[in-house]
Amino acid sequence: MQNIFLIGFMGAGKSTIARWLHRQKGMRLIEMDEMIVRQEKMSISQIFETKGEEYFRKLETDLLEGLGQQENTVVSCGGGVAMRQCNVDAMRKSGKIVYLSASPQTIYGRVKNSHDRPLLEGNMNVEYITKLMEQRLPKYLAAADLTVKTDGRRAEEICGEILEGCEL
Ligand code: S3P
């Protein structure tokens with residue numbers, strides 16, 4: 001089975017859906033943020049604070065390029081991964097790219113109490129989320145082989161659509 005890369009905005013449900021595919025379909029699971037945290041022995045917020053965003057983006061790219069040999073794996077990507085064309089190229093080489101979409105209101109409801117997303121610290125409101133999402137949307141859509149809406153839907157339903165859309 002080929003690999004699935006889940007892309008989309010923070011709080012779109014990438015981790016939840018990746019875990020479901022792991023548990024129900026036996027796919028191997030890679031959570032990019034978690035791998036980076038383990039590798040750097042620092043939280044994402046600490047990496048942004050001490051090393052800067054560019055350093056973090058390079059870690060994401062290195063990680064993706066190292067995933068080329070994986071099979072039957074679902075990768076939950078950080079929300080910024082699809083912004084770099086080299087990342088999109090690396091993903092496309094080894095699997096299908098699925099964009100999980102959600103409205104800014106849904107996203108806000110899911111992330112409002114979390115403090116491990118440096119881009120939203122001090123910007124935790126629907127207006128900011130809407131603005132950043134509008135900036136990113138063209139790249140998410142251009143990268144995606146498949147777009148799946150997540151607003152108000154259960155994981156099982158979303159995963160069914162992904163598996164069907166990816167012909168898995
Ligand atoms: C980011 C999303 C985060 C994390 C980092 C940057 C982004 O991951 O990689 O805070 O640029 O959208 P999640 O999408 O898993 O929250």
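Basis for what follows: all heavy atoms, side chains included, without hydrogens, waters or symmetry-related copies. We count ligands from 1, going down the list as the structure has it; atoms in each ligand are counted the same way.
- Taking every non-hydrogen atom of Leu119 and a distance limit under 4.0 Å, the qualifying atoms of ligand 1 come out as 7 (C), 11 (O).
- Distances between N or O atoms of Gly79 and those of ligand 1 include at least one value under 3.5 Å.
- In Glu53, the CD atom is crowded: over 12 heavy atoms of neighbouring residues, nucleotides or ligands sit closer than 6.0 Å.
- Of the N or O atoms in Arg57, one or more lie within a sub-3.5 Å distance of an N or O in ligand 1.
- Here is the list of ligand 1 atoms found below 4.0 Å of a heavy atom in Gly78: 8 (O), 9 (O), 14 (O).
- Counting atoms of ligand 1 from 1 in the listed order, those under 4.0 Å from a heavy atom of Pro118 are 10 (O).
- Given atom 16 (O) of ligand 1, the protein heavy atom at minimum distance is Arg117 NE, 2.7 Å.
- Listed by chain and residue number, Arg153 satisfy the salt bridge (charged side-chain N to carboxylate O under 4.0 Å, His left out) test with Glu157 (two or more places apart in sequence, or in another chain).
- Comment: Glu156 does not engage Arg23 in a salt bridge, judged by the lack of any side-chain N to carboxylate O separation of less than 4.0 angstrom.
- Distances between N or O atoms of Arg136 and those of ligand 1 include at least one value under 3.5 Å.
- Looking at Lys14 against ligand 1, only its side chain comes within 4.0 Å, counting heavy atoms.
- Counting only non-hydrogen atoms, the option in Ile44, Asp33, Val111, Ile7 that gets closest to atom 8 (O) of ligand 1 is Asp33.
- Note on Leu137: it clusters hydrophobically with Ile7, by side-chain heavy-atom contacts below 4.5 Å among ILVMFWY residues.
- Note that CG of Leu141 is 12.5 Å distant from NZ of Lys139, once rounded to the nearest 0.5 Å.
- The pair Asp62-Lys58 meets the salt-bridge criterion, since a charged nitrogen lies less than 4.0 angstrom from a carboxylate oxygen.
- Remark: distances from the non-hydrogen atoms of Met32 to ligand 1 are all 4.0 Å or more.
- In this structure, Arg57 does not pair ionically with Glu54, as no charged nitrogen and carboxylate oxygen lie closer than 4.0 Å.
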